[in-house]
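Okay, structure first, notes after.
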Amino acid sequence: MNQKSVQIVSKRNQNGDAQEEGKTQHFGKTDARYWKPRIFRNRYARDGDQREGLDWCIKISHKGIRETINLRTPNQTAAAQKAADIYKLLMGEGWEAVIAKWMPRAANSPNIATLGEFIASAMAVSDARAITLSDYSRSLRRIVADVSGVGRDDPSRYDGHTGGAEKWREKVDAVPLSVLTPEKLASWRLATLRAVGPNPADQRAAKTSINTTLRLAKSLFAPKILRQLAGLNLPANPFLNVEFFERGSMRYDSKIDVPALVEAAREELSTVPENLEKWKAFVLLLFAGLRRNEADKLRWQSVDFMAGVLHIEDGEFFQAKSEDSKGSVQLDAEVVAMLRAWRVLDPKGEYVLRSNVAAKMATTHRCYRAERTFANLITWLRGKGVAVTNALHVLRKEAGTMVNELHGINAASRFLRHGDIAITSKIYVGQKSRVTVNLGSLLSTPATKANVIEFTQQEPVKVPAVKAAKKRGAVGA
């Protein structure tokens, strides 16, 4: 028995002779002749002997996924044609289509009949975080509830204390998974959009929400999950060719007068003892650009006073959003001075933001120690005209915008700890400086120029909070 490796075997022709170098290079990958010298038979061990299967196989890699596929024929010519067909399908429709057609579940495999059984099986083999899987499952249940007629209008489904939420979830989980078909998904997508009415702003928001729900639900049918469920008898993937609405612009449009907002916060929050926690949260979100959960779980041991940085790192009750989210955040000297003053007021505290609520790791929903502080800060921001949906996260976007204005998009991306600069550019950075064609002077006559009021360029402001506080006698407040 020839003991050559699979890689060498796959480069041999039917007679076992090596193809001459460059012999098949002119054949494209959609041509069976390209694949003929690249297919192979799998080897296996039995009773101590190395044996070879009858069917030809192919190894194929695409978008970081590499699979061995049984071509289900001992005929090399037919196998090569099948390999070419698989390649065409893979390029046209992706791994999910290939898995559905060429890697089917065995007929006698355990059958997954209900939505709940599928969710449990998918969660068992996924390496995603528990809270992420909870988001996936919640989105999938939302869609199934709508298409199956279970409905989501029962207010008791929000009641997690007396069991209403659990009963509703059990009802949805009992729905047959087969109810979810491509046709039902397409109908749900359009019906959900039409339900919001003709208002363009409402439709734009609805499209974003629908796309997000579909994308999260589809994640439970990801190839890496389905591959691990290959031993189970699953219905066809309903999300295989699901359509999304055209993605609207996510670019941040800065409408906040940051210097005025900071001045108001200094006057109304930093000088009033009972508002200290709101002031601390405001500073961490705007001046350090932290996410809400990062500010909520920021420990004093993560504050490097000498270097003037905050370290975002995993802890017992905190897991960073991603590996890229971990890192150091450099602070202005004035912010470091405030942190020192706050530490003096709380010398034995574990977390920068004080709260009577114990920290815990989120598993099914996001929970914050300082939820009351954040809620109060949101109310204060609303009173200052910050009317966006996520009033706290907009402070992080403003921080990124200010860094971009001063140091450029690359610095802003590093400051916000994004893994991809495109995210910073498309979503997080607004425009503060005025950009015009500068042709306005051509429209003015000498008589009218005297009546033209020039716009002043708004300069980025660094607020000397500690010095101002000292002047008012309120350091650390």
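The first residue in the sequence is number 1, and the count goes up from there.
The minimum heavy-atom distance linking Gly308 with Val336 is given by the pair CA-CG2, 3.7 Å. Counting all heavy atoms, side chain and backbone alike, Ala320 lies closest to Arg129 at O-NH1, 3.2 Å. In plain terms, the two heavy atoms of Leu416 and Gly289 that are nearest each other are CD2-O, 4.4 Å. Here the closest non-hydrogen pair linking Ala128 and Leu133 is O-CD1, 3.8 Å. Contact between Ser139 and Ala217 at its shortest, heavy atoms only, is CB-N, 3.9 Å.
Within a 6.0 Å radius of CG in Asn199, other residues, nucleotides and ligands contribute more than 12 heavy atoms. Residue Glu243 qualifies as open at atom CD: its count of foreign heavy atoms under 6.0 Å is 12 or below. Residue Arg372 qualifies as open at atom CZ: its count of foreign heavy atoms under 6.0 Å is 12 or below. Gln330 CD: 12 or fewer foreign heavy atoms inside a 6.0 Å radius. No more than 12 heavy atoms of other residues, nucleotides or ligands sit less than 6.0 Å from atom NZ of Lys171.
Between the side chain of Ser187 and the backbone N or O of Glu183 there is at least one donor-acceptor pair closer than 3.5 Å. Without hydrogens or angle criteria, Asp332 side chain to Val335 main chain gives no donor-acceptor distance under 3.5 Å. A distance-only check finds no donor-acceptor pair linking the side chain of Thr114 to the backbone of Pro176 [under 3.5 Å]. Thr401 places a side-chain N or O within donor-acceptor distance of the main-chain N or O of Lys397, the cut-off being under 3.5 Å. A donor-acceptor pair under 3.5 Å is formed between the side chain of Thr271 and the backbone N or O of Glu267. Put simply, the side chain of Gln319 never gets that close to the backbone of Gly315: no donor and acceptor are under 3.5 Å apart. At least one donor-acceptor pair under 3.5 Å links the side chain of Asn404 to the backbone N or O of Ile409.
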Using side-chain contact (heavy atoms from CB on, under 4.5 Å), reason through Asn376 and Asn275 one step at a time and then give a plain yes or no. CA-CA 9 Å; Asn376 291 336; Asn275 288 337; over 6 Å; no
Test side-chain contact (heavy atoms from CB on, under 4.5 Å) applied to Leu285 and Leu377, step by step: CA-CA 11 Å; Leu285 295 171; Leu377 179 58; 4.0 Å; yes
Could you walk me through whether Leu298 and Leu353 pass the side-chain contact (heavy atoms from CB on, under 4.5 Å) test, one step at a time? CA-CA 8 Å; Leu298 180 66; Leu353 293 180; over 6 Å; no
For the pair Glu263 and Arg266, evaluate salt bridge (Lys or Arg N to Asp or Glu O under 4.0 Å) and give the outcome as yes or no after the intermediate values. CA-CA 5 Å; Glu263 184 60 30; Arg266 287 172 54 193; 3.0 Å; yes
Audit row: Glu316, Lys297, salt bridge (Lys or Arg N to Asp or Glu O under 4.0 Å) steps and yes/no: CA-CA 10 Å; Glu316 182 181 2; Lys297 310 297 191 309; over 6 Å; no
Evaluation steps, salt bridge (Lys or Arg N to Asp or Glu O under 4.0 Å), between Lys278 and Glu268: CA-CA 10 Å; Lys278 283 189 288 185; Glu268 300 176 23; over 6 Å; no
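For the 3.5 Å distance criterion, the side chains of Lys207 and Asn211 fail to qualify, holding no donor opposite an acceptor. For the residue pair Thr213 and Arg142, a side-chain donor N or O sits within less than 3.5 Å of a side-chain acceptor on the partner. For the residue pair Ser134 and Arg138, a side-chain donor N or O sits within less than 3.5 Å of a side-chain acceptor on the partner. Side chain to side chain, Ser322 and Ser325 meet the donor-acceptor criterion of an N or O pair below 3.5 Å. Using modelled atom types and a 3.5 Å distance limit, the side chains of Glu350 and Trp300 yield no donor-acceptor pair. Using modelled atom types and a 3.5 Å distance limit, the side chains of Thr424 and His418 yield a donor-acceptor pair.
Counting only heavy atoms from C-beta outward, the side chains of Ser137 and Leu220 approach each other to under 4.5 Å. Under the 4.5 Å side-chain criterion, counting only non-hydrogen atoms from C-beta, Phe239 is in contact with Leu140. Using a 4.5 Å cut-off on side-chain heavy atoms (C-beta onward), Trp342 and Trp279 make contact. Using a 4.5 Å cut-off on side-chain heavy atoms (C-beta onward), Lys326 and Glu323 make contact. No side-chain heavy atom of Ile60 sits under 4.5 Å from any side-chain heavy atom of Thr68. Under the 4.5 Å side-chain criterion, counting only non-hydrogen atoms from C-beta, Arg354 is in contact with Asp346. For the pair Ile256 and Val388, the minimum side-chain heavy-atom distance is 4.5 Å or more. Two residues are said to be in side-chain contact when any heavy atoms from C-beta on lie closer than 4.5 Å; Glu398 and Leu261 fail this criterion.
Remark: Arg141 engages Asp173 in a salt bridge, criterion side-chain N to carboxylate O under 4.0 Å. We find that Glu294 and Arg417 are joined by a salt bridge, their nearest charged nitrogen and carboxylate oxygen being less than 4.0 Å apart. At a threshold of 4.0 Å, the pair Glu166-Arg169 does not count as salt-bridged, since none of the basic side-chain nitrogens sits closer than that to a carboxylate oxygen.
Using a 30° and 60° split on the angle between ring planes, Phe118 and Phe221 fall in the parallel class, below 30°.
A distance of 12.0 Å separates CG of Leu381 from CZ of Phe374, quoted to the nearest 0.5 Å. The CD1 atom of Ile378 sits 11.0 Å away from the OG1 atom of Thr373 when rounded to the nearest 0.5 Å. Atom CZ of Arg291 is separated from atom CG of Leu284 by 14.5 Å, given to the nearest 0.5 angstrom. Rounded to the nearest 0.5 Å, atoms OG (Ser209) and CZ (Arg204) are 14.0 Å apart.
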